[in-house]
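Remember, it's 1-based here, ligands and their atoms both numbered in the order they're listed.
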Amino acid sequence: MAGIVTFDELGGVGLVSIDNPPVNAISHSVRRALVDVIARAEENPRIKTLLITSDAGLFSAGADITEFDRPPGEPRFEQVQTMMESSPIAVVAAIPGLALGGGLELAMACHYRLAHKNAKLGMPEITLGIIPGAGGTQRLPRLVGARAALNMILSGTPISALEAKVNGLLDEVAEGDLRAAALSFCERLVREGLGPRPTCHRTVRDGLEESEIASVLLRHARALKGRTTQLLVIEAIEASRLPFPQGIAIEAALARKSLLSRESLALRHVFFAERESGKPSPASPVDAQRAQPPAIGRVAVIGAGTMGSGIAIAFADAGLEVLLHDNDPASLVRSREFVNSTYASSVSRGRVIRSVADERMRRIRSAPTLGEVADADLVIEAVFEDMELKKNVLSQLDSILPPERLIATNTSTLSVTELARATAHPGRVLGLHFFVPAQASRLLEIVRTVDSSRESLSIAFRVAKLLKKAAVVSGDAFGFIGNRMMLDGYFREAELLLLEGASMTQVDAALENFGFAMGPQRVSDLGGNDVGTKARVQLFRRESRPDPYFAIADRLTEMGRLGQKTGLGFYRYENGSREAVPDPEVIRLIEKLAADRGIRRREINDQEIVERCILSLINVGAMVLEEGVAARARDIDVVWTSGYGFPRHLGGPMFYADTLGLPQVLERVRHYYEKLGYYWRPAPLIERLAAADSSFEQWDRTGASR
Ligand code: CAA
């Protein structure tokens, strides 16, 4: 492909520049082009050093993930690296920005490396369920030592250029013009007679002791739950003590194994699903790609409660100016305290340096009058969850803002359509459903109504991108995507299981062992049982539906057992600790509620707990899909993996259903339908897909033709 890798001769330097948008992935075409230019350079007697770099702002985001399911094709990655490493002329990598995975592995096969001071270098393969398979587990330990390599690969988090210089990964860090620094580095190599220096000729300076492996595993135990890639990484790094050809052969076998694992399929599914959900679906009437959203520089947030303040922090973190309005001056004062303490805590945890935190805090300004927000590029309403109050705020905003500005409501329970229609321009109103804590939670549900304009959606996608959140479009319906599935599926079953005889610790532990970060009762206690009760009351009222499921949680709210914040909830939390201790009072309460309802309690095993909570989630997910509330099954997977703690390595509930097989899912759902009653009615979509031996993945693929 023309131009994907360019070659110039500058003095005695062969300048190779990778240009493969959007992220310089080392695709098959890039590999082919690299081999061509290296061969040309080696044949040219004037060229004394080869400089591999890019003008794209980043070096490379790694191997091309879209090619993983195809045979690699010649030249394979290791052939390019061998050619570079065994080249008779010195090969230098100049890294302008990100160098990830295969990108860093390419750089490590160069003889020398330098990077701009803002560059980041990392091995994120673990997040895709694979081990670095282009020599990363063999060359990285040779450069930085086995222990540092293990930590870098298991964490998946990039390190800064300065750290990389200290640990031996880089030879030099350039403060200013990287190209100039790299050219003078090349000149120096020639001047000082420094030639090729293959990484593969080095030996690893430290080894991994048993105790170290144990402590590393312990440190990564949470991520390890049910996963195997970490163990393969350890095995591969241990092989780096062997001669390079042996080590690389072991790495290749382990990399193949990881690539074929379910875990990797699931994690790659989530990776692409997140990127796809942040764009309009092909079936959507809204082509947000074509619409050119205006730039967003200043945002206004109305309502300075916890949610409004969290949203303000999220925007300030993303570099935007924020105006925070509340008509109660005391709320603005409390919000300022909240913002200050949130940043103070980020500084003390080392997440951000003091000067950056100060700069971000300065970006948030109080706006005592609503009129001050008139020139904001976007306004988010986050006032108390009350229909009349919100309608009033939205219609005031509508009258003071120019008609093309987006007005978003952060409601989680009310009809966005009804709120939008309280304004004269319902097309510019949609929902932006943030999750607590808004500044940290990865998920953003974009709630569109039938009136929402293409421009509004387009701006909403841009907002999500600015905030680095996983965006999913939801229809305006009961609970949107996530809360509907939680209430009508997952949490409902968790409550019923308690009434039928399971203990709280058993339910939580079973789901945590399945891979959830936290079991459902611990989640309720963390979020506040009162918050859950209030939301359910609003939601079920919206639908004029009875709520027969949440007797325990609602009773706990009545008793003032609101969760961690009151020290008592489903569990007891002693002396401000976060440790959840079972409480005999709640056990007695559950037994009484079960007796009142004539439920005969019984022994329930962990398998039933997991099966009921997950299958109900899948069943409701299928309804949400068929009703068009979610456009794609993979959108549901993004909602649940980014916002509700569903294990990413299982790909989300709908992907997981496909791996179980829909006929099998249907059989078990029918089993519970017969045993437990109407609320287990199988989703018609599952019945149809199972009968056709199809899958949710297939349903997504044929979406455009529906
Ligand atoms: N291969 C193919 N496509 C990739 C890619 C990769 N390694 N990394 C990103 N992309 C694509 C995305 O799918 C997206 O495509 P669309 O626009 O079509 O949706 C596009 O590049 C832009 O990506 P983002 O939307 O994520 O852009 P961003 O600016 O928010 O983030 C990034 C950029 C930090 C590089 C992020 O994309 C990322 O983390 N990428 C994955 C990095 C990674 O995991 N690398 C390891 C690859 S595996 C490997 O290298 C194996 C090996 O050992 C040989």
Hey, does the Lys NZ or Arg CZ of R268 hover above the aromatic six-ring of F272, less than 6.0 Å from the centre and inside 45° of the axis?
no
Within-4.5 Å side-chain heavy-atom neighbours: R448 and L457
yes
Sequence neighbours excluded, which residues qualify as ring pair (Phe, Tyr, Trp, His ring centres under 6.0 Å) partners of F655?
H269
Are there any protein N or O atoms under 3.5 Å from the N or O atoms of ligand 1? List them with distances, or say none.
unit_1: ligand 1; atom_1: 1 (N); unit_2: A63; atom_2: O; d: 3.4
unit_1: ligand 1; atom_1: 1 (N); unit_2: I65; atom_2: N; d: 2.9
unit_1: ligand 1; atom_1: 7 (N); unit_2: A61; atom_2: O; d: 3.4
unit_1: ligand 1; atom_1: 7 (N); unit_2: A63; atom_2: O; d: 2.9
unit_1: ligand 1; atom_1: 18 (O); unit_2: K279; atom_2: NZ; d: 3.4
unit_1: ligand 1; atom_1: 19 (O); unit_2: K279; atom_2: NZ; d: 2.6
unit_1: ligand 1; atom_1: 25 (O); unit_2: K465; atom_2: NZ; d: 3.1
unit_1: ligand 1; atom_1: 26 (O); unit_2: R275; atom_2: NE; d: 2.7
unit_1: ligand 1; atom_1: 26 (O); unit_2: R275; atom_2: NH2; d: 3.1
unit_1: ligand 1; atom_1: 45 (N); unit_2: A61; atom_2: O; d: 2.7
unit_1: ligand 1; atom_1: 50 (O); unit_2: A63; atom_2: N; d: 2.9
unit_1: ligand 1; atom_1: 50 (O); unit_2: G102; atom_2: N; d: 2.8
unit_1: ligand 1; atom_1: 53 (O); unit_2: E105; atom_2: OE1; d: 2.8
unit_1: ligand 1; atom_1: 53 (O); unit_2: E125; atom_2: OE2; d: 2.9
unit_1: ligand 1; atom_1: 53 (O); unit_2: G133; atom_2: N; d: 3.1

Near R262 CZ, under 6.0 Å, is it more than 12 heavy atoms from other residues, nucleotides or ligands?
no
Side-chain heavy atoms of V347 within contact of I353, under 4.5 Å:
no
Ring geometry between H433 and F435 (parallel below 30°, tilted from 30 to 60°, perpendicular above 60°)
tilted
